[in-house]
2 protein chains.
Amino acid sequence: MTRKPNHGLREIARVAGVSKSTASRVISGNGYASAEVKERVLQAAEALHYKPNAVARAMVTKRTYNLGVIVFREKPPIVSHPLYGKIIDEILFASEARGYSVFLKTDREMSLRSTDFLLEQRVDGLILVSRLQKNVIDYVKKFHLPYLMVNGSTDDPDVIHLVSNDETGGARAAEYLYGLGHRQFFVIAGPVEHRSHSLRLTGFLRRLEQLGLSEQSGAVRVIPSPESSFDTGFQRMEKHFSDFRKYGYTALFTTNDMLALGAMKLLLDRGVQIPQEVAVLGYDDIELGRMYSPSLSTVTVDAVGIGRDAVELLDKLIRGEADLPKLVEYESYVVKRQSTEGKE
Amino acid sequence: MTRKPNHGLREIARVAGVSKSTASRVISGNGYASAEVKERVLQAAEALHYKPNAVARAMVTKRTYNLGVIVFREKPPIVSHPLYGKIIDEILFASEARGYSVFLKTDREMSLRSTDFLLEQRVDGLILVSRLQKNVIDYVKKFHLPYLMVNGSTDDPDVIHLVSNDETGGARAAEYLYGLGHRQFFVIAGPVEHRSHSLRLTGFLRRLEQLGLSEQSGAVRVIPSPESSFDTGFQRMEKHFSDFRKYGYTALFTTNDMLALGAMKLLLDRGVQIPQEVAVLGYDDIELGRMYSPSLSTVTVDAVGIGRDAVELLDKLIRGEADLPKLVEYESYVVKRQSTEGKE
DNA sequence: CTGAAAGCGCTTACAG
DNA sequence: CTGAAAGCGCTTACAG
């Protein structure tokens, strides 16, 4: 494809009657230039539709002002994932505000492919979203590139990560439902390998135990679920529906909203009254929940804070600031809606 | 921030005992090299953790293998927008498959800012998502950069755009509801400035007219809506609820799913039976719809096809292929679910 | 305040 | 098959 020749600095320097160095100084805003020269250069740039070449600049400054964001997920909803999407929106927004552009990559096979690409692109830093294997972290470390993790799990003490305080959130969920008078709990718990799911469950169960309710006593039934999707929630509920009704559980807690919505849909399809017969409480505070009928009560995840701070922290890392926290935790709060409290 | 010195080609050439030129040839895979030399170079690269510098390469080849995607939207849900998110997921996937990385930008003010950034980054091509002002198009044109538009509207005959066949989709919606026996239609129509909303409405009304039903005869009532969000759908329905019930409309069609969901939620909150009393039909086929209770009948938008083809077409444009279509249309089909047909 | 020169890390004709 | 050289479009000390 033939393109209109992109006039470079040399050309505008020629037109303005100055040297490349001087033209560079006024275009980049670094260094001195007399008002009169400045004027001439700017005019030439304007006239020639000059666009600075960021690639060339990056080559010499060793700074691209580009960030890489990689979302590790096996299944298709990636950017359009209701929670990750919110976080990514915020990352884009915060990056823009700080002058960074972002490369967005997804990785379905937890491979090193996307990471390699971004390394070659010489991004200034990396944001890794969702769970990821240790090999990815080790790989990134090897290249001494600033990076951090969002909403993922790792036992590597070196890596900076931003997460919700899921255990406390789980406890708040238990407390809230208990306060509403519930004593028989049904729980659908997402994959234990995933930090957030397992901590939410732990927090929930622990608090109930403090309140005198346990699995052993039959007051709590936990159904493990290998995935955390809507369909899985639906299927889990379908499979255990008769037990569910038989033992008179009055509250359903799930470790995320998608599971809750799936399970709730099954219940609604079967004509169960929510919340009159069963109260339902999710976790994540995704948009869908608010829109559902009945609207879904949930526990918040501060997607805005996480996205915003991820960029801020990474920026500090890039600029070489020391003493950055390794772990940033966000508080989770119960949002009361129709699925637990009825009509608003 | 001090980084481990990134060994360049020169260094690995030195270690392998060959010239930079030769090292370049084996690393890039372009040009000859004896098996023995190849071996030595590759080993040196391995040993020194060599990562080719894509920035330097781009500078000389004038090809970045980067694509820019800009989503023009005023309000926050951008990447996390249920329809755009799906399209973007697909764009990312298709780009990856063709060896492109993508810069994702959002633009809330319909400004030239994001476009400028990407121009400076020397992306190989641009995908513009959603409606956008003429000035943006004119601006991009000026720089002779390959670009195309997705899901937007323009009367500029030069610009390649990929859209749904919304008019036919609207007609199919009308036909479907009519076939179900409905004769009194209530319609909530999104912003007329937006191509898809206006065409869907046109197609819907036109088909009904052919079937003998019109606004004048009182068989169809159209409520215009300045926005196309869930909340707006809810509010529109709320405002017109008494009329809605009074005149016995049995079918509600909206020009997208979000409006449908909002309106449906209001109806459900008010105890209206769906679909027994009112059938509801949306448009877009977003995930939420299938998850809702009752699940929302809708008309499809081929997000997968649009995203995939956008990248394919742009790739062809970049490679200078001629005779590319200016307009690619995707068929829309009715998806029958509970909100029109009851329990599955 | 301004210019000449070197260099960022590659690729690509061109000789050999 | 391999190497020397030029050059991509900038920035940045360094002189002046």
Side-chain angles (χ1 to χ4, degrees), chain A residues 2-42 44-45 48-66 117 119-124 143, chain B residues 2-42 44-45 48-66 117 119-124 143:
Chain A
T2 56
R3 262 186 229 169
K4 187 158 73 174
N6 253 315
H7 305 286
L9 219 37
R10 197 196 36 188
E11 184 70 3
I12 88 157
R14 200 181 54 73
V15 170
V18 298
S19 70
K20 265 179 11 188
S21 320
T22 302
S24 169
R25 283 190 206 97
V26 0
I27 294 293
S28 70
N30 295 145
Y32 304 96
S34 66
E36 188 236 353
V37 161
K38 220 175 256 177
E39 175 71 17
R40 284 204 329 259
V41 172
L42 260 13
L48 302 181
H49 293 320
Y50 175 70
K51 280 276 158 268
N53 185 326
V55 175
R57 184 188 309 141
M59 174 133 93
V60 13
T61 61
K62 270 119 171 44
R63 208 63 162 74
T64 57
Y65 280 96
N66 289 158
F117 254 103
L119 247 19
E120 296 189 5
Q121 298 283 359
R122 297 297 190 265
V123 292
D124 291 341
F143 291 95
Chain B
T2 55
R3 265 187 227 165
K4 186 158 73 174
N6 253 316
H7 305 287
L9 218 37
R10 196 195 37 189
E11 185 69 4
I12 87 158
R14 201 182 52 73
V15 170
V18 298
S19 71
K20 264 178 13 186
S21 320
T22 302
S24 169
R25 283 191 207 96
V26 0
I27 294 294
S28 69
N30 294 145
Y32 304 96
S34 67
E36 188 235 355
V37 162
K38 221 174 255 179
E39 175 71 19
R40 285 205 328 260
V41 172
L42 260 13
L48 301 181
H49 292 319
Y50 176 70
K51 279 274 159 269
N53 185 327
V55 174
R57 185 187 309 140
M59 174 133 92
V60 13
T61 61
K62 270 121 174 42
R63 208 63 163 78
T64 57
Y65 281 95
N66 289 158
F117 255 102
L119 247 18
E120 295 189 6
Q121 298 283 359
R122 298 295 190 265
V123 292
D124 291 341
F143 291 96

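Here is the naming used below: chain letters follow the sequence lines, and residue numbers restart at 1 for every chain. Worth saying up front: this structure is predicted, and the values here are computed from it rather than measured.
Heavy atoms only, all atoms of each residue included: Arg40(B) and Ala16(B) are closest at NE-O, 2.9 Å. Closest non-hydrogen pair, Lys51(A) versus Glu120(B), comes out as CD-CG, 4.1 Å. The shortest non-hydrogen separation linking Val55(B) to Arg122(A) is CG2-CB, 4.2 Å. What you find for Val18(B) and Ala23(B) is that their closest heavy atoms are CG2-N, 4.1 Å. Considering all non-hydrogen atoms of both residues, Glu11(B) and Leu48(B) come closest at CG-CD1, 3.7 Å. Considering all non-hydrogen atoms of both residues, Asp124(A) and Arg63(A) come closest at OD2-NH1, 2.5 Å.
Between the CD atom of Glu36(B) and the C1' atom of dT2(D) there is a distance of 12 Å, rounded to whole Å. Look at CZ on Arg57(B): it is 5 Å from P on dT11(C), rounded to the nearest Å. Distance Lys62(B) NZ to dC10(D) P: 9 Å, rounded to the nearest Å. Glu11(A) has its CD atom 11 Å from the P atom of dC10(D), to the nearest Å. As rounded to whole Å, 13 Å separates atom C1' of dA6(D) from atom CE of Met59(B). At whole-Å resolution of the value, CG in Asn53(A) and C1' in dC10(C) are 14 Å apart. Atom pair Arg14(A):CZ and dG3(C):P shows a separation of 15 Å (rounding to whole Å applied). If you measure from atom CZ of Arg10(A) to atom P of dC8(D), you get 6 Å, rounded to the nearest angstrom.
Checking side-chain atoms of Asn66(B) against main-chain N and O of Val123(B) turns up no donor-acceptor pair under 3.5 Å.
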Set out, line by line, the N/O atom pairs under 3.5 Å between protein and nucleotides 12-16 of chain D.
residue, atom, partner, partner atom, Å
dA13(D), N6, Arg25(A), NH2, 3.4

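Remark: DNA chain D takes part in the stems C:1-3 with D:14-16, C:5-12 with D:5-12, C:14-16 with D:1-3, each of 3 or more antiparallel Watson-Crick or G-U pairs, criterion distances under 3.5 Å.
Between Thr64(B) atom OG1 and Lys62(B) atom NZ the span is 11.5 Å, to the nearest 0.5 Å.
Contacts of Val55(A) with the nucleic acid, taken as non-hydrogen atoms under 4.0 Å apart, are absent.
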Cut-off 3.5 Å, no hydrogens considered: what does the side-chain donor-acceptor table look like for residues 25-33 of chain B, sequence neighbours left out?
residue, atom, partner, partner atom, Å
Ser28(B), OG, Ser24(B), O, 2.9
Ser28(B), OG, Asn30(B), N, 3.3

